Asker: 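Below is a structure I'd like to ask you about.
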Amino acid sequence: MSNPHAILFVIPLTFIIAFMLTIVPLPEWAVLWRPEWVALVVIYWSMALPRRVGVGYAWILGLLLDIIKGTLLGQHALGFAVIAYLTLRFHQRIRVFPLWQQSFAIGLMLAIHLLLLLWVYGMMGRAPQTSLYWGPVLTSMALWPWVFLLLRDVRRRWCLGVN
Amino acid sequence: MRTLVHVLDSRSFIKTPLFNLGPSPFARLAVLGFLSMALMTVDHRLPHLQEARATLALVMYPIQYAVDLPIRAGIWLTEQFALRQLLIQENQRLRKEHTHLHALLLQFEALEQENARLRELLDTSQRLRTEVLIAELLAVDLDPFRQQLVLNKGRLHQVYEGQPLINAQGVVGQVLEVNALHSIAVLISDPSHALPVLVNRTGLRALAVGTGHPQRLELRYIPPSEDIEVGDTISTSGLGGRFPADYPVARITRVERVPGEAFAMIEARPFALLDRSREVLLIRPQAGDDAASDDASDS
């Protein structure tokens, strides 16, 4: 079933779109609420195709995100590796959750990711002073069902197998 | 339907080999986690990762460019289809402004010559002449907790690290990271940025440190006894050798002298609208000047 050529560009393409959504300029009030697009896509693929998108893949995406956002090299990579690890660990359970329950699991993972980021910001002496820092967790949770359904359609359409 | 798919999924999942998968996810996580911490430490403290960053940045530039492109195209289209009337109005306004500025400039040239003569008499060093390069900001957002910009000029356009950035109103920031085609600049309002300034009215020297808020700077290390008032303007002092002297920076908005504290609490508001400009000028003290060569090497 699996189309070996499609997989080479479909998954990277979804990540490119996620990167674009991450840097699209938003009005000032919305900036802090921007969902963690790349993290959501990483979670989806490592849940759906755990043999394809694993810890290493997520780590490299984290590095690219660090470059595009101008953060320390390794800051997002660390969080993404942890997210991918947790997803791999629990993917068989999360897959069968109803969507709203998945959202909560994803929210928890994103909170861990943001906590790691905050830790690094803190060590650099520039910890954000606002509780809006956690805003992306809420918006990402709210958007997860749509991201999930969309990416599942993409996966089925291109007949990307399970591994 | 979904459950069925998942059942199928897990069936085929079982068929895959269980043991020849290389290191376990946990082992990978441990190694990569350690590697990330090492990378962050090196990136924060040492310059060794500049090249790696520049290379990766070149890979990511098409994505940034693709995001910027429709916005740029939108601006271009509105310009193309702008009403003739509006264009004529703008043209008239600009023409007036041009005449006005030109008249000022005539005087300026005379003043500059006079200044040079006086400096010669006093036997002091010449003021630096500067060259400028116009750069546009890419309409992309960076990390919201760092005050940074992406410029569409890079090493190819002779941008260098530490190059000062101004706009028509005042000092904006300096270049932090130069890549082949684009560069990243840090604003003077970033908490890690400090700018040597002087108060124009009294000549008092100070450091203007960013606060993380685009419309607020703090002046540090000024004793409460110093003469400084709300409304005073500050400009670059040229100390530190990176920014040329006498570019306007900010206006003092708050002075608070707390009895018993060693220093006064002073806040200022930058003249340049740091979060709202689209074009900036990269200035380069002209080559051949001794101070200019110091600038480039100083880091």
Side-chain angles (χ1 to χ4, degrees), chain A residues 1 16 19-26 28 31-32 34 48 50-51 54-56 58-60 62-82 84-86 88-89 92 95-96 116-117 120-121 123-130 133 152 156 161-163, chain B residues 2-3 5-6 8-13 15-16 21 23 25-29 31-33 35-44 49 52-53 55-57 59-64 66-68 71 138-146 148-150 176-177 184 186 190-192 212 214 275:
Chain A
M1 266 286 270
I16 288 174
F19 276 122
M20 290 173 78
L21 287 170
T22 307
I23 56 171
V24 158
L26 290 182
E28 203 172 328
V31 163
L32 290 177
R34 185 197 299 274
R51 294 275 180 275
V55 176
W59 188 76
I60 290 179
L63 280 189
L64 295 178
L65 190 61
D66 283 324
I67 292 292
I68 213 164
K69 284 179 88 172
T71 44
L72 276 189
L73 214 53
Q75 198 173 354
H76 286 84
L78 177 64
F80 277 19
V82 172
Y85 172 73
L86 291 175
L88 287 189
R89 185 88 178 64
Q92 276 152 325
R95 265 185 196 171
V96 292
L116 286 169
L117 282 184
V120 177
Y121 282 127
M123 288 211 295
M124 289 165 70
R126 46 165 78 226
Q129 301 293 324
T130 160
Y133 176 75
R152 195 183 58 181
R156 289 192 181 154
V162 281
N163 296 309
Chain B
R2 194 150 57 79
T3 351
V5 169
H6 281 301
L8 289 175
D9 279 2
S10 44
R11 258 212 357 243
S12 46
F13 187 61
K15 270 191 264 166
T16 59
L21 299 173
F26 187 76
R28 285 175 206 220
L29 176 65
V31 170
L32 292 176
L35 198 57
S36 333
M37 283 185 228
L39 275 180
M40 282 189 271
T41 317
V42 174
D43 198 19
H44 189 43
L49 284 175
R53 273 199 93 108
T55 316
L56 283 175
V59 176
M60 297 310 273
Y61 187 56
I63 295 183
Q64 291 175 318
V67 168
D68 180 59
I71 297 165
L138 249 53
V140 294
D141 278 356
L142 294 171
D143 189 73
F145 303 107
R146 309 184 87 170
Q148 294 180 347
L149 305 169
V150 184
L176 185 67
E177 195 185 309
I184 295 179
V186 59
D190 188 273
S192 67
D275 47 348

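We name chains A, B, ... by the order of the sequence lines, and we start the count at 1 in each one. If you're wondering where the values come from, they're calculated on a predicted model, not measured in any experiment.
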Asker: Are A:Q75 and B:D143 close enough, and set up right, to give a side-chain contact (heavy atoms from CB on, under 4.5 Å), and what steps lead you there?
Answerer: CA-CA 12 Å; A:Q75 198 173 354; B:D143 189 73; over 6 Å; no
Asker: Taking B:D190, B:D43, B:V59 one by one, which has the highest count of heavy-atom pairs under 4.5 Å against chain A?
Answerer: B:D43
Asker: Checking B:P62 now: which residues fulfil side-chain contact (heavy atoms from CB on, under 4.5 Å) with it, not counting sequence neighbours?
Answerer: none
Asker: In chain order, what residues pass the salt bridge (Lys or Arg N to Asp or Glu O under 4.0 Å) check against B:D68, with sequence neighbours excluded?
Answerer: B:R72, B:R278
Asker: If you compare all heavy atoms of B:P144 against all heavy atoms of A:V31, which two are closest, and at what distance to 0.1 Å?
Answerer: CB-CG1, 3.6 Å
Asker: Once you round to the nearest 0.5 Å, how far does CZ of B:R28 lie from CG of A:L88?
Answerer: 9.0 Å
Asker: Hey, does B:L39 have a side-chain heavy atom less than 4.5 Å from the side chain of A:L63?
Answerer: yes
Asker: Quick one: of A:T71, A:L73, A:L116, A:T22, who has the most non-hydrogen atom pairs under 4.5 Å with chain B?
Answerer: A:L73
Asker: Would you mind telling me which of A:G56, A:G62, A:G70 has the largest number of heavy-atom pairs within less than 4.5 Å of chain B?
Answerer: A:G70
Asker: What part of A:V82 gets within 4.5 angstrom of chain B, counting heavy atoms only: side chain, backbone, both, or neither?
Answerer: both
Asker: Side chain, backbone, both or neither: which part of B:Q148 has a heavy atom under 4.5 Å from chain A?
Answerer: side chain
Asker: What part of A:I68 lies closer than 4.5 angstrom to a heavy atom of chain B: side chain, backbone, both or neither?
Answerer: both
Asker: For B:S36 versus A:G74, what's the shortest heavy-atom pair and its separation?
Answerer: CB-O, 3.5 Å
Asker: Count the heavy-atom pairs under 4.5 Å between each of B:T41, B:L176, B:I184, B:L56 and chain A, then report the option with the highest count.
Answerer: B:L56
Asker: Determine the option with the most heavy-atom pairs under 4.5 angstrom with chain A, choosing from B:V140, B:V150, B:L138.
Answerer: B:V140
Asker: Out of curiosity, B:R146 CZ to A:M124 CE, how far, rounded to the nearest 0.5 Å?
Answerer: 4.5 Å
Asker: Do you know which of B:V42, B:L35, B:I71 has the most heavy-atom pairs under 4.5 Å to chain A?
Answerer: B:L35
Asker: In terms of heavy-atom pairs under 4.5 Å with chain A, which of B:A57, B:G33, B:A139, B:P191 leads?
Answerer: B:A139
Asker: Grab the two heavy atoms, one from B:D141 and one from A:V24, that are nearest each other, plus how far apart they are.
Answerer: OD2-O, 3.7 Å
Asker: Measure B:F26 against the heavy atoms of chain A and call it side chain, backbone, both or neither at under 4.5 Å.
Answerer: both
Asker: Under 4.5 Å from any heavy atom of chain B, what part of A:L64 do you find: side chain, backbone, both or neither?
Answerer: both
Asker: First locate atom CG of A:D66, then atom CE of B:M40, and finally report the distance between them rounded to the nearest 0.5 Å.
Answerer: 8.0 Å
Asker: Indicate the ring-plane relationship of B:F145 and A:Y121, choosing parallel, tilted or perpendicular according to the 30° and 60° boundaries.
Answerer: perpendicular
Asker: With only heavy atoms counted, which part of A:R34 is less than 4.5 Å from chain B, the side chain, the backbone, both or neither?
Answerer: side chain
